[in-house]
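This report refers to the structure that appears directly beneath it.
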Amino acid sequence: MPRVTAAGEPVPVAGEPPLRAAPPPRQATGLRQRLAELRGPAAVPHPMDARALAALAANPGCRRRALLDGAGVDKGALARALGAPANFGQSQFAHQRGNSFEARVKADGGADLVRLLHERLRDGSEAPGPGAVATPDLSAPGPQGRTARTALALREATEAGRWALLDHPMVSLDVAGSPAFLEPDAVVVHPDGSWTVVEIKSFPMVDGSADPAKVGAAARQSAVYTLALERVAAMVGEPPEGAGSTADTARSTPGRARVRHQVLLVCPKDFSNLPTAEMIDVRKQLAVTRRQLDRLTRIEEIAAALPEGTTFDLRLTDDGRTPTRPVEELTAAVDAVEAAYAPECLSTCELAAHCRARSRAAGLVEALGRGVRGELGGLTTVAAVLTAATDGPADASPTGDPAVDALRRAAALRAEALASRPGAVSCH
């Protein structure tokens, strides 16, 4: 049985004619066509990166984001066309600084980066010597080609049993029935066959520690890469066909491919441009990401529930910048997909400002936060909450609903406090 890559494509074998992938199933072809219709016939698919995927996994109940990301819709352009542009993102200066720091870290063929990783591992293994780090060429046409080339390079490096650095490899991950192509900063292959994800960030690490919020975001992002690499390792780490389990075979076969659950986070040391690093255990983030992605509704189910003719096509002019589709039509198309807004979305989703405005206009309690929403149970609107708090009987007898009883107790305490201060101004 021929081996296949992470993208499901056969790996060519030396001396044999190239293998051709089987034609895609009709259902998959129909889904791609439907997603292209949603995106717009002239729109180029917007790639989903690990940061967006981590944010999607953190809010698996948002069918709107799952569909838009799966269809490759540019949510930033869509938000601007709706009149609610996103107010977050990395500045051009920060982006350039990050690229400059990454180039410095990977200078000298990545040898310094691998030595830095070896120092942080402290596992007693032999340090890489001069010329000991291989840097395979990962260039290939298109994301599918790069994914296949990465899988082949990982297999070759694992079988070689030596240090190797893969600079910006590409792996794929199935997200609600649609493939997402991800590009880690680097992946290091160890001589024992294990792989380590390397995440390079431009925020400083002062006195050996960095901003916990930024480190947490980097850990969640690295967990997405680790999850995608585990899929590749399951394919390329299989023993050769026909190989037995004898002691001689075990001694002659390199270690089986596996992805380490500790990632290397590289940051500038203090406020200089010199790199320093720490190992971060991402097992917790990996388990959460895997569980949340499994909960995502499949994209074809979301698309099938949309009204006939729904599309997010902006109908851009010839310059590719100015949308011509009426805002009312775009708003109706976006509102046709159920969202799960929370204040945390403001820092992770381009459509958060639009969703917040719609949530506030409808008086939904989601605008107050997930914690408040969970405490209120079946009370889904602010009006329902106020009614439950103020329209109770005078004796405040229990209703059997913990949320309603708590609201009425709070309203009684508030009324008592205001009564004790006649000059206090009541607020609503």
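Here the structure is a predicted model, which means the values were calculated and not measured.
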* **Thr196 side chain reached by Val187 side chain, heavy atoms, under 4.5 Å** => no
* From His46 atom NE2 to Leu78 atom CG, the distance as rounded to the nearest 0.5 Å -> 11.5 Å
* Can you name the nearest heavy-atom pair linking Ala50 to Leu182, along with the distance? -> N-CD2, 3.8 Å
* To do: Indicate yes or no: at least one non-hydrogen side-chain atom of Leu117 is less than 4.5 angstrom from one of Met279.
  => yes
* Asked: Side chain of Thr387, backbone of Ala383: donor and acceptor closer than 3.5 Å?
  -> yes
* **Minimum side-chain heavy-atom gap Pro45-Arg39 below 4.5 Å** => yes
* Leu116 CG to Thr276 OG1 distance, which is reported to the nearest 0.5 Å -> 6.5 Å
* Measure the spacing between CG of Leu138 and CG of Asp167 and express it to the nearest 0.5 Å. => 7.5 Å
* Asked: Shortest non-hydrogen contact from Ala58 to Pro60?
  -> C-CD, 3.5 Å
* Asked: Taking all non-hydrogen atoms of both residues, which atom of Val171 and which atom of Ala228 are closest, and how far apart?
  -> CG2-CB, 3.6 Å
* Asked: Is there a donor-acceptor contact under 3.5 Å from the side chain of Arg360 to the main chain of Ala367?
  -> no
* **Nearest heavy atoms of His190 and Val188, plus distance in Å** => CD2-O, 3.7 Å
* Asked: Just one of Leu286, Ile280, Asp281 clears the side chain to side chain contact (heavy atoms under 4.5 Å, CB included) bar with Val263, so which one?
  -> Ile280
* Asked: Taking the side chain from Lys106 and the backbone from Asp185, do they hold a donor-acceptor pair closer than 3.5 Å?
  -> yes
* Residue pair Trp195 / Thr158, side-chain donor-acceptor N/O under 3.5 Å -> yes
* Between Ala277 and Leu264, which heavy-atom pair has the shortest distance, and what is it? -> CB-CD1, 3.6 Å
* What's the verdict on salt bridge (charged side-chain N to carboxylate O under 4.0 Å, His left out) for Arg115 and Asp112, showing C-alpha distance, side-chain angles and the deciding distance? -> CA-CA 5 Å; Arg115 281 193 292 268; Asp112 292 338; 2.2 Å; yes
* Would you find more than 12 non-hydrogen atoms of other residues, nucleotides or ligands less than 6.0 Å from Glu375 atom CD? -> no
* To do: Mark yes or no for whether Arg408, through its side chain, and Ala389, through its backbone, hold a donor-acceptor pair below 3.5 Å.
  => no
* Is a donor on one side and an acceptor on the other found under 3.5 Å between the side chain of Thr311 and the backbone of Glu37? -> yes
* To do: Scan side-chain atoms only and decide if Arg260 and Ser194 contain a donor-acceptor pair under the 3.5 Å cut-off.
  => yes
* Structure fact -> Tightest non-hydrogen contact, residues Ala66 and Ile302, listed as CB-CD1, 4.2 Å
* To do: Determine whether Met205 and Pro268 make a side-chain contact, defined as any pair of heavy atoms from C-beta on separated by less than 4.5 Å.
  => no
* To do: Kindly compute the distance separating CG (Leu413) from CG (Leu418), expressed to the nearest 0.5 Å.
  => 11.0 Å
* Exercise: do Arg231 and Ser172 side chains pair donor with acceptor under 3.5 Å -> yes
* Asked: Judged by atom type as modelled, is there a donor-acceptor pair below 3.5 Å linking the side chain of Asp49 to the main-chain atoms of Ala52?
  -> yes
* Please say which of Arg283, Glu230, Gln285 ends up in a side-chain hydrogen bond (donor to acceptor under 3.5 Å, both in side chains) with His261. => Glu230
* Would one find more than 12 heavy atoms of other residues, nucleotides or ligands at under 6.0 Å from atom CG of Asp207? -> no
* Derivation of the side-chain contact (heavy atoms from CB on, under 4.5 Å) call for Leu38 and Leu68 -> CA-CA 9 Å; Leu38 291 173; Leu68 294 176; over 6 Å; no
* Given side chains that start at C-beta, do those of Leu293 and Leu227 come closer than 4.5 Å, heavy atoms only? -> yes
* **Any donor-acceptor pair under 3.5 Å from Ser222 side chain to Ala218 backbone** => yes
* Close side-chain approach of Pro169 and Glu183, heavy atoms under 4.5 Å -> no
* Asked: Just how far is it from atom CG of Leu376 to atom CD of Glu366, taken to the nearest 0.5 Å?
  -> 9.5 Å
* Passes side-chain contact (heavy atoms from CB on, under 4.5 Å), Val365 versus Leu379? Steps please. -> CA-CA 8 Å; Val365 296; Leu379 303 174; 5.8 Å; no
* Nearest-0.5 Å distance, OG1 of residue Thr226 to CD of residue Gln262 -> 11.0 Å
* Are any non-hydrogen side-chain atoms of Asp313 and Pro41 less than 4.5 angstrom apart? -> yes
* Beyond-backbone contact of Cys345 with Asn59, side-chain heavy atoms, under 4.5 angstrom -> yes
* Run the side-chain contact (heavy atoms from CB on, under 4.5 Å) check on Gln144 and Met170 step by step: do they pass? -> CA-CA 9 Å; Gln144 290 86 357; Met170 181 159 284; over 6 Å; no
* Asked: Are more than 12 heavy atoms from other residues, nucleotides or ligands located less than 6.0 Å from atom CG of Asp319?
  -> yes
* **Test side chain to side chain donor-acceptor pair (under 3.5 Å) applied to Asp137 and Ser139, step by step** => CA-CA 6 Å; Asp137 181 18; Ser139 58; 3.0 Å; yes
* Got a donor-acceptor contact below 3.5 angstrom from the Arg64 side chain to the Val337 backbone? -> yes
